Structures are given as structure tokens and as C-alpha cells.
Amino acid sequence: MQQTYNAIVVLSNSTLSDKQNVHSIPANLCPRCTKGSIVSDTSGEVVCTNCGYVVTQTIEDQGKEWRSFSDDNHDRARTGAPTSLTKYDMGLNTTIGTSDRDSSGNSIAMSMKATMHRLRDWDRRSKLHSPADRNLARAFNELGRLGEKLALNDMVIEKTAYIYRKAEEKRLTRGRSITSLLAASVYSACRDTETPRTLKEVANSCNIKKKEVARYYRLLIKELDLKMPVVDPAKCISKIANKADISEKSKRKALEMIRMAIDEKISSGKGPMGLAATALYLACVLNGESMTQERIAEASGVTSVTIRNRCKGLKTGLKM
DNA sequence: TAAGATAAGAGGGACAT
DNA sequence: ATGTCAGTCTTATCTTA
């Protein structure tokens, strides 16, 4: 899978130094059967037309048409906005205009105006009247806000939209809260892209209980068969260290302790945040930096009690 | 004031029934 | 499907240095 991903990225990133190449490179040839071509289906899934091979992880490539094909590098008019999974119709809608003139600029007859008005009405209604589309439209509206609140990059946002669409497809939205499911999708996307955001942060920024998001998150994992990379304590460390203003020296020390803890097998079953927080705390104390458990607890989102409990284990485990 | 101790309760995973 | 169990983490309160 990794192989595939690389292949796609390399092809899409190939520069335009040689313009002939743009058309001669079969940029969307299936890497498995090399016969069919890779296309996006309506859910954002990327599949081969010949063998059905599903390529994931290509979402960040959606913007590749944003290149100039003309000699001067200014003409981007032919592309339009990049499509995005965060639009309920992926940004590809067609709307009947409101002008009361025909294509050659002459005004149109009264009766035709009325007809157009009716058509426009039904056009608009039909678009958002599919419950699925209305659901997506509402969810992605909220997603914009959420993304801003949590300072998420576009990659995470698109990933979220992808996950939410899959959930919608599986009818997981039925009888469930849109906001909660969206929050869970956001959290999943964060986990998947290794963007350090805690369950608590996500839950707080949309005023939902943590356990609700957690429950929906597990639902997504189960129903969509998602595989999440394990949380990297190193990322936790830098996040906490930034928040609590901790020196580089202590950071490295903490990292070392985490590695030892993993080697000593005293880290399993423990929350990575609590572990990282404790390592940082001990590192600060060892380096003579002034740091309280409370401050670390505040920055990491775990309680000082947890830090103390981890302290015991870490101290005995590492023979300190 | 920071750190430590203790207790009670929530929520979930593993496992057996 | 349901219940039990060990273990984690949180909240709250009290004590110690």
C-alpha cells in the first residue's frame, strides 16, 4: 500500500519542466494490474476501473489541477477551484442562474420567466433534498468551524470528510447526532494523520461529552474497519513541552526515558499522554528546571494524580 | 503551596458463561 | 448477549513538608 501511495504522489508531483511529459505519463495507471486507470468514485474512494484495486491516501492530491498549462505561468482559468470532499457535492454543482436574459442577452418572455423561476426552485430543492446531502451539507458546515477551532490543516479536514462520507454511506448517521459523529470523524482523522489532538480537545470544541465522542470513535473504527497508527509518545512530548515552555534539554531527556520505559515494558496499557507528561516532569526535576506537576497536568490534559501514579512506576521501573 | 495519599466512581477491554 | 474482573484514569478531599 505504501508502495502505491508513493507511486501516485511521485507521478502527481512530477513537474512541468518538460511539457510533453504531462500528456505522455500515464499518471493514473493502476499500479497493480497496469491495465485500468485510477479514478475517484463519488465517495472519494480512489479505485482502478479494471481490477477494482482501491487506493487510499491520495486525498491530499486533489489539488493537482492547480497548475498552469500555458507558457506564461499565470493562466489558471481552466481549472476552477479544486474539488473537495468537504463540499456535500464536492464543489461540482450546477445552478440555474437568476438572470432574466437568454444566452444572447435578450430579455426573455414573461411566461418563460415564470417557468425558469419554477425550474430554479425545483433545482434548488432537489439538490439539498436528499437526506444524505442535507446531512453532509450540515456536517461540513460544522467541520469548517471545528477545523478552525482546533487549528487543523487541510489534510486532516479532507480526511475527516472522507471518513464522514464513509460513515454516511454505511448509514451510521441514522438516529445519531451529526455533531458527535463529525467530532468522532475529526478525532479519527487526527489519529490517522498523527496530528496530536486529544479526545478532550475535540469534544470541548464542539460542546460534546468526551465519552460520547469516544463511543462514536469506536463505532467508526469497528464499522469502517479503520486501522489507526499507535500514538507516538514523542509527539505527545513535544506538544506538552511547547505548551508548558520546557527546554530542549529536558525534552530530550524525557524522550530517552520514554524509550527506556517502552523497553522495560512498563508502558503498556498506560495512556501515552500521562506517560509523556510524567517523563517530562521527571526530566525537568532531574535537570533542575522548576516545574510543578500541576502545570504539566494542565498542559497535557491528564491529572496530577495520574502523573504521580506514573511517577511511581517509572521510578521503580527505571531504577531511579 | 506543592506534593503525596486515599477513596470512590466511570468507562472500557478481556474473558467466561 | 450478558456479567464479572482487573486495571486505568478522574474527581475530590485530606495530610505532609
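The figures here come from the full heavy-atom set of this structure, side chains too, leaving out hydrogens, waters and symmetry mates. Letters A, B, ... mirror the listed sequences (proteins, then strands); counts begin at 1. The structure presented is a predicted model; accordingly, all values stated were derived computationally and were not measured.
A/Gly271 comes within 4.0 angstrom of sugar-phosphate atoms only, judged by non-hydrogen atoms across all strands, and of no base. When heavy atoms are screened at a 4.0 angstrom cut-off, A/Met273 is found touching no nucleic acid atom at all.
Across the protein-nucleic acid pair, A/Glu298 atom CD and C/dT11 atom C1' stand 15 Å apart, rounded to whole Å. Nucleotide B/dG4 holds its P atom 14 Å from the CD1 atom of A/Ile296, rounded to whole Å. A/Leu199 has its CG atom 12 Å from the P atom of C/dT10, to the nearest Å. One interatomic measurement links the two molecules: CD of A/Glu294 to P of C/dT11, which rounds to 11 Å at whole-angstrom precision. Distance A/Lys200 NZ to B/dA10 C1': 15 Å, rounded to the nearest Å.
Contact check of residues 205-235 of chain A against DNA chain B (heavy atom, cut-off under 4.0 Å) returns A/Lys211, A/Arg218. Within residues 303-313 of chain A, the residues that place at least one heavy atom under 4.0 Å from DNA chain C are, in residue-number order, A/Thr303, A/Val305, A/Thr306, A/Arg310. Of the residues in residues 256-270 of chain A, none has a non-hydrogen atom less than 4.0 angstrom from any atom of DNA chain B.
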Side chain to side chain contact (heavy atoms under 4.5 Å, CB included), that's the test. Do A/Met273 and A/Lys239 meet it? Break it down for me.
CA-CA 10 Å; A/Met273 266 305 195; A/Lys239 189 186 175 201; 4.2 Å; yes

Evaluate the criterion side chain to side chain contact (heavy atoms under 4.5 Å, CB included) for residue pair A/Arg215 and A/Arg218; output intermediate values, then yes/no.
CA-CA 5 Å; A/Arg215 215 172 36 234; A/Arg218 280 191 302 276; 3.9 Å; yes

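Rounding to the nearest 0.5 Å gives a distance of 4.5 Å between CG of A/Leu318 and CD1 of A/Ile266.
Under 4.0 Å is where a charged nitrogen must lie from a carboxylate oxygen, and between A/Arg145 and A/Glu148 no such pair does.
Heavy-atom neighbours of A/Arg176 CZ from other residues, nucleotides or ligands within 6.0 Å: above the threshold of 12. Within a 6.0 Å radius of CD in A/Glu298, other residues, nucleotides and ligands contribute 12 heavy atoms or fewer.
One side chain, A/Asn135 or A/Tyr164, offers a donor N or O that lies under 3.5 Å from an acceptor on the other. Counting only N and O atoms by type, the side chains of A/Thr303 and A/Thr306 include a donor and acceptor under 3.5 Å apart.
Side-chain atoms of A/Arg197 and A/Leu152, non-hydrogen and from C-beta on, do get closer than 4.5 Å to each other.
Tested against A/Leu226, the residues A/Glu223, A/Met228, A/Lys222 include a single side-chain contact (heavy atoms from CB on, under 4.5 Å) partner, A/Met228.
The backbone N or O of A/Ile246 lies less than 3.5 Å from no partner atom in the side chain of A/Ser250, so there is not a single donor-acceptor pair.
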